[in-house]
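All values below were derived from every heavy atom in this structure, side-chain atoms included, with hydrogens, water molecules and symmetry-related copies excluded. Convention: sequence-line order gives letters A, B, ...; per-chain numbering from 1.
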Amino acid sequence: MTSDRRFRVRMAPSPTGPLHIGTARTSLYNYLAARHVGGTYVLRIEDTDVARSTVEYERDIIDNLHWLGISWDEGPQVAGGEDVGTYGPYRQSQRMDRYAREADRLLASGAAYRCYCTAEELDAVRRAQDAAKEPPRYNGRCRSLGEEERAAFEAEGRRAAVRFAVPPEKIRFTDLIRGEVEFDNALLGDFVIVRADGMPLYHFVVVVDDEAMEISHVIRGEDHLSNTPKHIALIRALGYREPVFGHVPLILNADRSKMSKRKSQTSVTAYREQGYLPEAMVNFLAFLGWSPGTEEEVFTLDELAARFEVGKVHKAGAVFDAERLDHLNGLYIRALADEQLAHRLRPFVPDALDDASLLRVVPLIRERLVRLSDAGELVAFLVETDAEVAANYEAAALIPKKADAAGAAAALSRARSVLADLDHADFSAEVLEERCRGAAEALGWKAGDFFRPIRLAVTGRAISPPLFGSMELLGRDATLARLDAAAEKLAVTA
RNA sequence: GCCCCCAUCGUCUAGAGGCCUAGGACGCCACCCUUUCAAGGUGGAGAUCAGGGGUUCGAAUCCCCUUGGGGGCACCA
């Protein structure tokens, strides 16, 4: 069970879709396990399904893995790029000769055989089994075909697939996470390892590549647990060394089924585009199925690597709790220095907002952000025209509950005149607040009631960053202009 | 249908026979702070540890059964 080999693990994504949250977490666990013991981490692209694999998906996977901060020692580092490492090529589509060779070995030793059944025939068998409430598995028709029968099929123009003759024995192994597990391979049908068109299939290629790349520990999703006895049978038939297996629990939808695109947002890119921080994502994902055993819960990637142990990974699946992710994301956002946050916010705010202004609003909006994308709405008032701001609200909204239009107009005009007395140099948050509070008091208004219409006039929104800081950033001219626009709107309705 | 895996607050989890009248976090509720919204602070509700049998002086922790959930059984990965 324990391997005395060098610790080598791999992630083996299939570029048939964007990087999935579940793949990201499994990749993270492999990465952490490797870092923890100073092992080697390999990226292998499983693109045997040529029809569904694309370089765009490969790019999505590699870029997002990098984005998360996960790095690897061997394998392609950029989509479509060169391999790094001496066990390559690291794309399965480039390893066909090896698969063909190994399939021939199996054929030669009798561990595998050619199968001429057509899709229709297989389908018919499956339906019959289903009707008879029997387990769906290959009936072994081609297992012991004679020379002349094979020749007859060939003459018909049939192309043969290669099936592995599963030895009917019990397979037991010690899973890193689940402990002793036993399966009875007598219950399995012979499965196809090479399609009739010559393309080798998953169960076969993983086994061949894990051996070729000297993978010592196979850490993968629990959905592969029941495939493991197939892999072990293949490993034995090929005379390979058996790696240590570890099956991590699945990430679940809210209804506890395997996390899927249909019920959850599963692509890492989507989270990235919404403004989740990679640090938060990593922290969150790591704790979905693992914990250091203490009550600490905020960890950097390096800290996780120092603490992570595969053996402590849970057995039960974990529901993806988006609210918890939000909480962590807010935590990480608030911990960022002004410059850092401004930099990360750049893609999420209007281009019209220059860098200097962006840096200045950061302190005003930081603690109001759950995701980076929340910034757009918060800073909009800085780049909108006075007319756009005015168009954002109804005149009636300027009138406090305890006042009428005339009262509201008076208050607004009072605010305007107080602020107009200030020159550019005095237009700072502190002075503005002092003056506005004074005005409210002179008017006999509660500060909150007095500020509300001003906030609406200046930002066009009932909810905004702190009012006086916002006015300072906006500047004297625009602030006064917006107060005028509000007064005008009020006059028109009155 | 068959095989395998799993089971502590709504959710993520601590817990590896006595430290548990089960702890933390998210979410929720209340209060405080407060120019809005947040953030922050304080407090609260919330789990007879799925149920039932054992084992033991003692079980959330070990064993068995039941129930529930999940995964797999492709010429997809």
Any A/Thr294 side-chain N or O less than 4.0 Å from OP1/OP2 of B/rG24: no
Salt-bridge present (A/Lys263, A/Asp255; N to O < 4.0 Å): yes
Among B/rC75, B/rC37, B/rC4, the one nearest A/Arg163 by side-chain distance: B/rC75
Touch class at under 4.0 angstrom, heavy-atom based, for A/Phe287 against every strand present: sugar-phosphate
Cationic N near anionic O, under 4.0 Å, A/Arg10 to A/Asp209: no
Sugar-phosphate only, base, or nothing, as touched by A/Thr459 at under 4.0 Å among non-hydrogen atoms: nothing
Closest to side chain of A/Ile463, choosing from B/rU36, B/rC5, B/rU11: B/rU36
B/rA14 OP1/OP2 closer than 4.0 Å to side-chain N/O of A/His314: yes
Between B/rC63 and B/rC26 - P atom distance, rounded Å: 34 Å
Sugar-phosphate only, base, or nothing, as touched by A/Ala447 at under 4.0 Å among non-hydrogen atoms: nothing
Touch class at under 4.0 angstrom, heavy-atom based, for A/Asp49 against every strand present: sugar-phosphate
Test log, rule salt bridge (charged side-chain N to carboxylate O under 4.0 Å, His left out), inputs A/Glu134 and A/Arg126: CA-CA 9 Å; A/Glu134 282 167 21; A/Arg126 230 182 324 267; over 6 Å; no
Sugar-phosphate only, base, or nothing, as touched by A/His203 at under 4.0 Å among non-hydrogen atoms: base
Smallest separation among heavy atoms of A/Arg137 and A/Gln129, with atom names: O-NE2, 2.7 Å
Per A/Lys230 side chain, nearest of listed nucleotides B/rC73, B/rC5, B/rG71: B/rC73
A/Lys258, nearest nucleotide to its side chain (from B/rA77, B/rG1, B/rG72): B/rG72
Touch class at under 4.0 angstrom, heavy-atom based, for A/Leu201 against every strand present: sugar-phosphate
5′-ward residue of the pair A/Ala119/A/Gly469 relative to RNA chain B: A/Gly469
Pair A/Arg158 + A/Glu121, salt bridge at N-O below 4.0 Å: yes
A/Arg195 vs B/rC76: side-chain N/O to OP1/OP2 distance below 4.0 Å: yes
Closest to the A/Arg256 side chain, choosing from B/rU36, B/rU13, B/rG69: B/rG69
Axial cation check for A/Phe191 ring with A/Lys230, 6.0 Å and 45° limits: yes
Geometric cation-pi criterion, A/Lys446 with A/Phe451: 6.0 Å, 45°: no
Under-4.0 Å side-chain N/O to phosphate OP1/OP2 contact, A/Arg461 with B/rA38: no
Sugar-phosphate only, base, or nothing, as touched by A/Glu182 at under 4.0 Å among non-hydrogen atoms: sugar-phosphate
Whole-Å P distance, B/rU34 and B/rC28: 23 Å
Nearest-Å distance once atom C1' is located in both B/rC49 and B/rA16: 15 Å
Phosphate OP1/OP2 of B/rC73: any A/Ser226 side-chain N/O under 4.0 Å: no
Complement of B/rG1, any strand, by Watson-Crick or G-U distances under 3.5 angstrom: B/rC73
Rounded distance (Å) that lies between atom P of B/rU11 and atom CD of A/Glu323: 13 Å
Sugar-phosphate, base or nothing in reach of A/Cys117, heavy atoms under 4.0 Å: base
Sugar-phosphate only, base, or nothing, as touched by A/Leu250 at under 4.0 Å among non-hydrogen atoms: sugar-phosphate
Candidate nucleotides B/rC12, B/rC3, B/rA74, ranked by approach to the side chain of A/Arg126 - the nearest: B/rA74
Sugar-phosphate, base or nothing in reach of A/Ala316, heavy atoms under 4.0 Å: sugar-phosphate
Span that lies between the C1' atom of B/rA30 and that of B/rG46, in whole angstrom: 15 Å
C1' gap between B/rG68 and B/rU8, integer Å: 16 Å
Which atom of A/Leu490 lies closest to which atom of A/Ala395, heavy atoms considered: CD1-O, 3.7 Å
Integer angstrom distance from the C1' of B/rU61 to that of B/rG17: 7 Å
Whole-Å P distance, B/rA74 and B/rC3: 16 Å
Sugar-phosphate only, base, or nothing, as touched by A/Glu297 at under 4.0 Å among non-hydrogen atoms: sugar-phosphate
Any strand: nucleotide that pairs with B/rC28 via Watson-Crick or wobble, under 3.5 Å: B/rG44
Nearest-neighbour nucleotide for the A/Arg324 side chain, B/rA77, B/rC3, B/rG24 considered: B/rG24
Integer-rounded Å distance: B/rC9 P and A/Asp321 CG: 14 Å
Spacing of A/Asp175 atom CG relative to B/rC3 atom P, expressed in whole Å: 20 Å
Whole-Å distance separating the CG atom of A/Leu187 from the P atom of B/rG72: 18 Å
Sugar-phosphate only, base, or nothing, as touched by A/Phe468 at under 4.0 Å among non-hydrogen atoms: base
Sugar-phosphate, base or nothing in reach of A/Arg334, heavy atoms under 4.0 Å: sugar-phosphate
Identity of whatever pairs with B/rU35 - Watson-Crick or G-U, under 3.5 angstrom: none
Whole angstrom value for the distance that separates P of B/rC76 from NZ of A/Lys261: 20 Å
Touch class at under 4.0 angstrom, heavy-atom based, for A/Pro249 against every strand present: nothing
Interatomic distance at P, B/rC29 relative to B/rG18, whole Å: 38 Å
Mate of B/rU67 where both pairing distances stay under 3.5 Å, Watson-Crick or G-U: B/rA7
Ionic contact status for A/Glu279 with A/Arg344, cut-off 4.0 Å: yes
Value in whole Å for how far the P atom of B/rA14 lies from NZ of A/Lys315: 12 Å
Any side-chain heavy-atom pair of A/His20 and A/Ile61 under 4.5 Å: no
Whole angstrom value for the distance that separates P of B/rC5 from CG of A/Leu252: 18 Å
Residue whose nearest RNA chain B nucleotide is more 5′ - A/Pro135 or A/Cys115: A/Pro135
Nucleotide nearest A/Arg368 (side chain, heavy atoms from C-beta), chosen from B/rU13, B/rA38, B/rA25: B/rA38
Any A/Arg452 side-chain nitrogen or oxygen under 4.0 Å from OP1 or OP2 of B/rU35: no
